J.: 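Could you have a look at this structure, given as structure tokens, before my questions?
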Amino acid sequence: MDIKIEETRLKDAALKGMDAFIGVVRDAILQAIGGELNAETMPLLNSEQITLLAYEILREEVLDGGFVQLLHNGYGPFFFRNPFVKAIRQWGVDELPAVIRKASSLFQANEKELTRDCTDEEFMALFEKYPQFDELDDRFLMMEEKATAIVAHYVDEHIGNFVTVLK
């Protein structure tokens, strides 16, 4: 899928920082696929585009509600049964794969309970029931800024893999 973005938009976003830069690229990709990454839209994208969207999903979910929220919202299989760890490591994000692998082990041991439908109260109780995710949340928070900078640099250096830049 040929996703186009104007060079001036990229430059303006880059001046605002790495979050804005990644956000402009992410938003262009999402707009091209109708706003949602799912089983129907994934085949329209290349692996680099999917990895960027995956990183942004991971980042948003974990920063908002930790790994418990990420897993409860059904993203476990997406991150743990796909080559996300391999791809992100190839981008140079070296610290994140260990956290993902540990989260995967915890998820596999507790998948049924972490993904079951529940009330808000039951959901909040999951945080107390699975405190081992707290360490992973903390590790992610400690590395997030550096990881995001690496992702932004990778996207910038390989922009043609993500979007077509219009001059």
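In this text the structure is predicted, and so the values were computed from the model without any measurement.
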J.: Between the side chain of His72 and the main-chain N/O of Leu114, is any donor-acceptor distance below 3.5 Å?
T.: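 Yes.
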J.: Do side-chain atoms of Thr41 reach the backbone of Glu36 as a donor and acceptor pair under 3.5 angstrom?
T.: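 Yes, because the side chain of Thr41 sits within donor-acceptor range (under 3.5 Å) of the backbone of Glu36.
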J.: Determine which pairs satisfy salt bridge (charged side-chain N to carboxylate O under 4.0 Å, His left out) with at least one residue from residues 104-119, sequence neighbours left out, and list them in order.
T.: Arg81-Glu111, Glu113-Lys129, Arg116-Glu122
J.: So, using side-chain contact (heavy atoms from CB on, under 4.5 Å) as the criterion, who are the partners of Met42 when residues are at least two apart?
T.: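 Applying side-chain contact (heavy atoms from CB on, under 4.5 Å) to Met42 gives Leu37, Ile50, Phe78.
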J.: Can you find a heavy atom in the side chain of Leu45 that is under 4.5 Å from one in the side chain of Leu53?
T.: yes
J.: Between His158 and Phe162, does the ring centroid distance fall short of 6.0 Å?
T.: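 Here the rings of Phe162 and His158 have centres that are no less than 6.0 Å from each other.
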J.: Looking at side-chain heavy atoms only, is the closest gap between Leu96 and Phe140 below 4.5 Å?
T.: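 A side-chain contact under 4.5 Å exists here.
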J.: If you take all heavy atoms of Ile5 and Ala28, which pair is closest and at what distance?
T.: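 Heavy atoms of Ile5 and Ala28 come nearest at CD1-CB, 4.1 Å.
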J.: Considering only heavy atoms from C-beta outward, does the side chain of Ile159 approach that of Val25 to under 4.5 Å?
T.: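 When only atoms from C-beta onward are counted, Val25 and Ile159 do touch, with a gap below 4.5 Å.
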J.: Going only through I, L, V, M, F, W and Y residues with side-chain contacts under 4.5 Å, is there a path from Leu30 to Val151?
T.: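 Yes, one cluster joins them.
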J.: Please determine which of Ile33, Ile3, Ile29 meets the side-chain contact (heavy atoms from CB on, under 4.5 Å) test together with Leu44.
T.: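 Between Leu44 and the candidates, side-chain contact (heavy atoms from CB on, under 4.5 Å) is satisfied uniquely by Ile33.
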J.: Please say whether more than 12 non-hydrogen atoms of neighbouring residues, nucleotides or ligands are located less than 6.0 Å from CD in Gln132.
T.: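 Correct, the count exceeds 12.
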J.: Does the pair Phe80 and Val85 meet the rule for a side-chain contact (heavy atoms from CB on, under 4.5 Å), with working shown?
T.: CA-CA 8 Å; Phe80 307 143; Val85 167; over 6 Å; no
J.: Looking at every non-hydrogen atom in both residues, tell me the closest pair between Pro97 and Arg89 and how far apart they are.
T.: CB-NH2, 3.5 Å
J.: Does anything in residues 153-167 pair up under salt bridge (charged side-chain N to carboxylate O under 4.0 Å, His left out), and if so which pairs, sequence neighbours excluded?
T.: Glu7-Lys167
J.: Side chains of residues 55-62: which donor-acceptor partners sit under 3.5 Å, not counting sequence neighbours?
T.:
{"residue": "Tyr55", "atom": "OH", "partner": "Thr148", "partner atom": "N", "Å": "3.3"}
{"residue": "Tyr55", "atom": "OH", "partner": "Thr148", "partner atom": "OG1", "Å": "2.6"}
{"residue": "Glu56", "atom": "OE1", "partner": "Arg26", "partner atom": "NH1", "Å": "2.6"}
{"residue": "Glu56", "atom": "OE2", "partner": "Arg59", "partner atom": "NH1", "Å": "3.1"}
{"residue": "Arg59", "atom": "NE", "partner": "Glu144", "partner atom": "OE2", "Å": "2.6"}
{"residue": "Arg59", "atom": "NE", "partner": "Thr148", "partner atom": "OG1", "Å": "3.3"}
{"residue": "Arg59", "atom": "NH2", "partner": "Asp19", "partner atom": "OD1", "Å": "2.5"}
{"residue": "Arg59", "atom": "NH2", "partner": "Asp19", "partner atom": "OD2", "Å": "3.4"}
{"residue": "Arg59", "atom": "NH2", "partner": "Glu144", "partner atom": "OE2", "Å": "3.3"}
{"residue": "Glu61", "atom": "OE1", "partner": "Gln69", "partner atom": "NE2", "Å": "3.1"}
{"residue": "Glu61", "atom": "OE1", "partner": "Asn73", "partner atom": "ND2", "Å": "2.8"}

J.: Is the closest side-chain heavy-atom distance between Asn110 and Phe133 below 4.5 Å?
T.: no
J.: If we only count heavy atoms from C-beta on, is the Leu70 to Val68 side-chain gap below 4.5 Å?
T.: no
J.: Please determine if Asp137 and Arg139 form a salt bridge, counting it only when a charged side-chain N lies under 4.0 Å from a carboxylate O.
T.: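 Salt bridge absent between Asp137 and Arg139.
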J.: Quick one: list whatever passes ring pair (Phe, Tyr, Trp, His ring centres under 6.0 Å) with Phe79, sequence neighbours left out.
T.: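 Listed in chain order: Phe84.
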J.: For a 4.5 angstrom cut-off between non-hydrogen side-chain atoms, does Thr115 reach Leu71?
T.: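 Of all side-chain heavy-atom pairs linking Leu71 with Thr115, none is under 4.5 Å.
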J.: Just do the side-chain contact (heavy atoms from CB on, under 4.5 Å) check on Leu166 and Thr8 with the steps written out, would you?
T.: CA-CA 9 Å; Leu166 302 174; Thr8 55; over 6 Å; no
J.: Can you confirm whether Glu95 sits close enough to Met142 that some side-chain heavy atom of one is under 4.5 Å from a side-chain heavy atom of the other?
T.: no
J.: Taking all heavy atoms of Gly65 and all of Phe127, pick out the closest pair and write down the distance.
T.: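 For Gly65 and Phe127, the tightest heavy-atom pair comes out as O-CE2, 3.1 Å.
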J.: Checking side-chain polar atoms at under 3.5 Å, does Tyr154 have a donor or acceptor matched by the opposite partner on Glu48?
T.: yes
J.: In chain order, what residues pass the ring pair (Phe, Tyr, Trp, His ring centres under 6.0 Å) check against Phe21, with sequence neighbours excluded?
T.: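 With neighbours one apart ignored, the set is empty.
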